[in-house]
Amino acid sequence: ILLSFKCNGYEFPEDFKFGVATASFQVEGAWNISGKGESIWDYITHNNPNFIHDGSNADVACDTYHKTAGDVQLLKEISVDYYRFSISWSRIFPTGHTYSPNADGIRYYNELIDELLANGITPLVTMFHWDLPQALHELGGWPNPVLAELFVDYADKLFEYFGDKVKNWITFNEPYQICDFSYSDGILAPAYKQKGIGGYLCSYTVLIAHGKTYQLYQKRYKETQNGRIGITIQGPWFEPRTDSAEDKKAAENMLQFMFGIFAHPIYIGDYPKVVREEVNRLSTEENRRRSRLIAFTPQERDLIKDSADFLGVNHYTTFICTPRNAEIQEVLPMNTDGGASCYQDDEWAAAASRWFRLVPWGFRKVLNWVKEEYNNPEVIITENGYSDLTGELRDCDRISYYNSYLTEVLNAIHEDGCNIAGYTAWSFLDNFEWVNGYREKFGLYYVDFEDDDRPRTAKMSAYVYKNIISLTQDKLTLITRPRDSNGA
Ligand code: GBH
């Protein structure tokens with residue numbers, strides 16, 4: 001079973017980096033300890049527990065806040081190059097404003113970063129993974145463009161505090177989820193349902209914040225700190241239902257409305273044409289005085305263009321698209337301005353999450369789409385992983401997920417020439433899976449949430465992953481020679 005990874009004759013390039021990923025709110029706990037401020041996820045889990053399917057919260061979660069040294073030993077045990085984690089804005093700045101830092105928050109992240117570096121693990125740090133300080137939410141949250149300024153203040157402080165040691169930054173995790181899911185569809189905190197409005201207001205702010213952060217780094221820090229800045233976008237694959245022009249257009253529009261809306265301004269210089277044209281046209285049709293999409297000024301386009309040293313891509317699953325059709329039961333709410341309806345094939349094997357079916361070939365397709373669309377940018381796959389309900393240690397389904405999906409990454413690299421530099425598995429630990437609470441488990445390590453100590457136990461997938469990494473690093477410890485599937 002240690003050899004279940006089958007690489008089709010291909011290997012990962014020698015300098016390919018592997019890691020595991022988490023996000024502050026999902027793992028840290030210590031929600032109000034030593035001066036930490038409340039985030040929108042603290043607020044919603046405490047004040048609207050029905051929003052979470054199992055009524056749980058992340059007050060303790062995996063308690064990584066108290067387990068730095070032990071957790072880093074686990075990371076070391078599986079030989080990762082990277083640990084991708086996020087910083088909780090309200091742990092460092094309780095109200096979100098940067099004039100009054102919380103010393104304990106700075107201490108905590110310094111200790112984590114130092115411990116990683118001491119163990120030869122490179123921090124890959126996300127500045128924002130959804131846990132907005134509640135006080136900034138009360139000022140309107142991301143639909144308020146002022147948030148861009150406040151985010152840049154925050155990023156500036158992160159560079160100042162940690163930039164001598166952190167060389168790989170991700171500004172935002174999944175702007176589509178931050179924006180549309182939170183302000184248009186209401187399935188993530190703060191759970192607003194301003195369909196067609198909230199998401200675009202937020203997208204505008206987030207892109208400005210990203211661009212300004214990148215420019216600030218170039219101007220003030222690049223020379224001395226010499227790090228790299230990227231952004232992570234969720235990239236499901238959207239497959240046309242048939243070969244017809246209509247179905248192809250529907251699928252392409254979904255890609256543009258969910259992925260292109262963020263990547264196009266960064267790599268090409270504005271929202272994708274179809275996004276601008278369709279939202280503007282629909283807005284006129286709806287008798288609005290202005291478009292629901294907030295246009296960029298030429299200066300803003302310049303600010304955002306070329307503002308990523310690498311592109312983070314999160315990928316889990318694939319959808320099938322066709323022109324908008326009321327009879328199609330959608331698995332997740334999606335942007336409707338692109339005129340598509342998307343669903344999944346019942347025949348595809350399912351993971352535990354309701355939106356999640358296994359379609360390994362979709363991974364290769366979306367990686368190729370990114371390559372074609374943006375001139376083969378450097379990509380780091382910042383999330384990919386599998387959910388189950390059991391948390392079983394003999395997690396064969398998770399192992400075969402990684403097997404089949406990593407095989408497609410190898411195909412994308414070797415057959416298609418995609419520029420993929422790294423991969424961080426989601427997730428290091430079973431954790432608080434947002435609205436699904438602790439029900440859906442993505443971890444390579446099982447966490448016992450009934451036990452106050454939150455003990456961790458390696459699942460079989462952790463060992464398999466270690467072997468995949470070891471094979472690439474050429475410092476194989478457990479096995480000496482890859483075998484074929486017949487055991488030869
Ligand atoms: C990523 O988002 C996140 O970055 C990560 O934090 C998360 O744990 C991981 O994926 C797994 O979900 O209404 O039940 O369908 C991926 C996007 C986030 C998909 C929230 C759908 C909505 C919950 N996902 N989710 S539900």
Side-chain angles (χ1 to χ4, degrees), residues 19-28 39-41 44-45 50-54 56 58 61-62 64 84-88 124-132 170-191 193 199 206 230-237 258-259 262 312-319 329-335 342-344 350-358 362-363 366 380-389 398 401 405 424-444 447:
V20 291
T22 60
S24 49
F25 188 77
Q26 296 178 272
V27 299
E28 282 180 4
S39 77
I40 55 174
W41 279 93
I44 207 163
T45 53
N50 292 335
F51 186 62
I52 311 300
H53 297 162
D54 61 4
S56 64
C62 308
T64 59
R84 175 181 179 231
F85 65 93
S86 78
I87 290 181
S88 158
L124 174 56
V125 180
T126 310
M127 297 174 167
F128 185 79
H129 198 129
W130 308 1
D131 43 358
L132 184 72
I170 292 166
T171 52
F172 290 93
N173 178 70
E174 299 186 346
Y176 184 87
Q177 282 63 20
I178 294 169
C179 292
D180 284 63
F181 279 3
S182 307
Y183 299 100
S184 284
D185 299 313
I187 62 169
L188 295 174
K193 294 187 179 172
V206 164
I231 185 168
T232 280
I233 302 176
Q234 171 69 230
W237 175 244
M258 287 183 73
F259 199 105
F262 303 105
V313 174
N314 291 352
H315 177 85
Y316 291 89
T317 198
T318 286
F319 299 90
Q329 181 67 43
E330 296 194 312
V331 259
L332 269 181
M334 284 182 196
N335 189 313
C342 304
Y343 61 97
Q344 290 179 312
S353 317
R354 70 183 167 105
W355 46 272
F356 193 173
R357 286 179 185 270
L358 278 58
F363 200 5
V366 75
I380 297 177
I381 294 154
T382 41
E383 285 180 32
N384 178 237
Y386 176 86
S387 61
D388 63 26
L389 298 174
R398 179 168 295 101
Y401 181 91
Y405 274 67
T424 56
W426 185 270
S427 179
F428 174 30
L429 304 169
D430 289 343
N431 61 45
F432 182 80
E433 177 52 28
W434 309 112
V435 293
N436 295 297
Y438 297 100
R439 232 181 109 243
E440 296 177 4
K441 298 165 192 301
F442 282 83
L444 295 173
V447 177

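Sequence positions, counted from 1, serve as the residue numbers for this chain. Nothing here was measured: the structure is a model prediction, and the numbers come from that model. Indexing begins at 1, ligand by ligand and atom by atom, following the structure's order. FYI, side chains are in, hydrogens and waters are out, and symmetry mates aren't considered; it's all heavy atoms of this structure.
Nearest residue to atom 20 (C) of ligand 1 from V331, N314, D185, L188 is L188 (criterion: closest heavy atom). Comparing Y176, F25, F442, W130 against atom 18 (C) of ligand 1, the shortest heavy-atom distance belongs to W130. Selection from Y316, F432, F356, W355 by nearest heavy atom to atom 25 (N) of ligand 1 gives W355.
Atom CH2 of W237 sits about 10.0 Å away from atom NE2 of H315, to the nearest 0.5 Å. Atom CG of D430 and atom CD of Q26 lie 11.5 Å apart (nearest 0.5 Å). Distance check: M258 CE to Q234 CD gives 7.0 Å after rounding to the nearest 0.5 Å.
Using a 4.5 Å cut-off on side-chain heavy atoms (C-beta onward), D131 and E28 make no contact.
Among protein heavy atoms, the minimum distance from atom 26 (S) of ligand 1 is reached at R354 NH2, 3.5 Å. Ranking the protein heavy atoms by distance from atom 2 (O) of ligand 1 puts E174 OE1, 2.9 Å first. At the top of the distance list for atom 23 (C) of ligand 1, counting protein heavy atoms only, stands V435 CG2, 3.6 Å. Regarding atom 22 (C) of ligand 1, its nearest protein heavy-atom neighbour is I187 CD1, 3.9 Å. For atom 8 (O) of ligand 1, the nearest protein heavy atom (residue, atom name, distance) is E433 OE1, 2.6 Å. For atom 16 (C) of ligand 1, the nearest protein heavy atom (residue, atom name, distance) is Q234 NE2, 3.3 Å.
Annotation for ligand 1: atoms under 4.0 Å from non-hydrogen atoms of N173 are 4 (O). Near H129, meaning under 4.0 Å from one of its heavy atoms, ligand 1 places the atoms 3 (C), 4 (O), 5 (C), 6 (O). The N436 neighbourhood of ligand 1 comprises atoms 14 (O), 23 (C), with distances under 4.0 Å to a heavy atom of that residue. Which parts of ligand 1 touch L332 is read off a 4.0 Å heavy-atom cut-off, strictly below it: atoms 15 (O).
Neither the backbone nor the side chain of E440 comes within contact range of ligand 1; no heavy atom lies under 4.0 Å.
Between N436 and H53, the side chains place a donor N or O and an acceptor N or O closer than 3.5 Å (distance only, hydrogens not considered). For N173 and T126, the side-chain atoms include no donor-acceptor pair closer than 3.5 Å. Side chains of E383 and Y316: a donor-acceptor N/O pair is present below 3.5 angstrom, by distance only.
The N/O atoms of E383, backbone and side chain alike, include one that comes under 3.5 Å of an N/O atom in ligand 1. Considering backbone and side-chain N/O atoms, Q177 never comes within less than 3.5 Å of an N/O atom of ligand 1. When only interatomic distances are considered, the shortest N/O to N/O separation between N431 and ligand 1 does not fall below 3.5 Å.
A ring-ring contact (aromatic ring centres under 6.0 Å, His included) with F181 is found for one member of Y176, W130, W434 and no other, namely Y176. Each of F442, Y386, W426 was evaluated against Y401; a single residue qualifies, Y386, per the ring-ring contact (aromatic ring centres under 6.0 Å, His included) test.
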message = As a quick check of understanding, evaluate side-chain hydrogen bond (donor to acceptor under 3.5 Å, both in side chains) for T317 and Q344, giving each step before the final call.
response = CA-CA 9 Å; T317 198; Q344 290 179 312; 3.0 Å; yes

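In summary, the aromatic rings of F432 and Y438 are positioned with their centroids under 6.0 Å apart.
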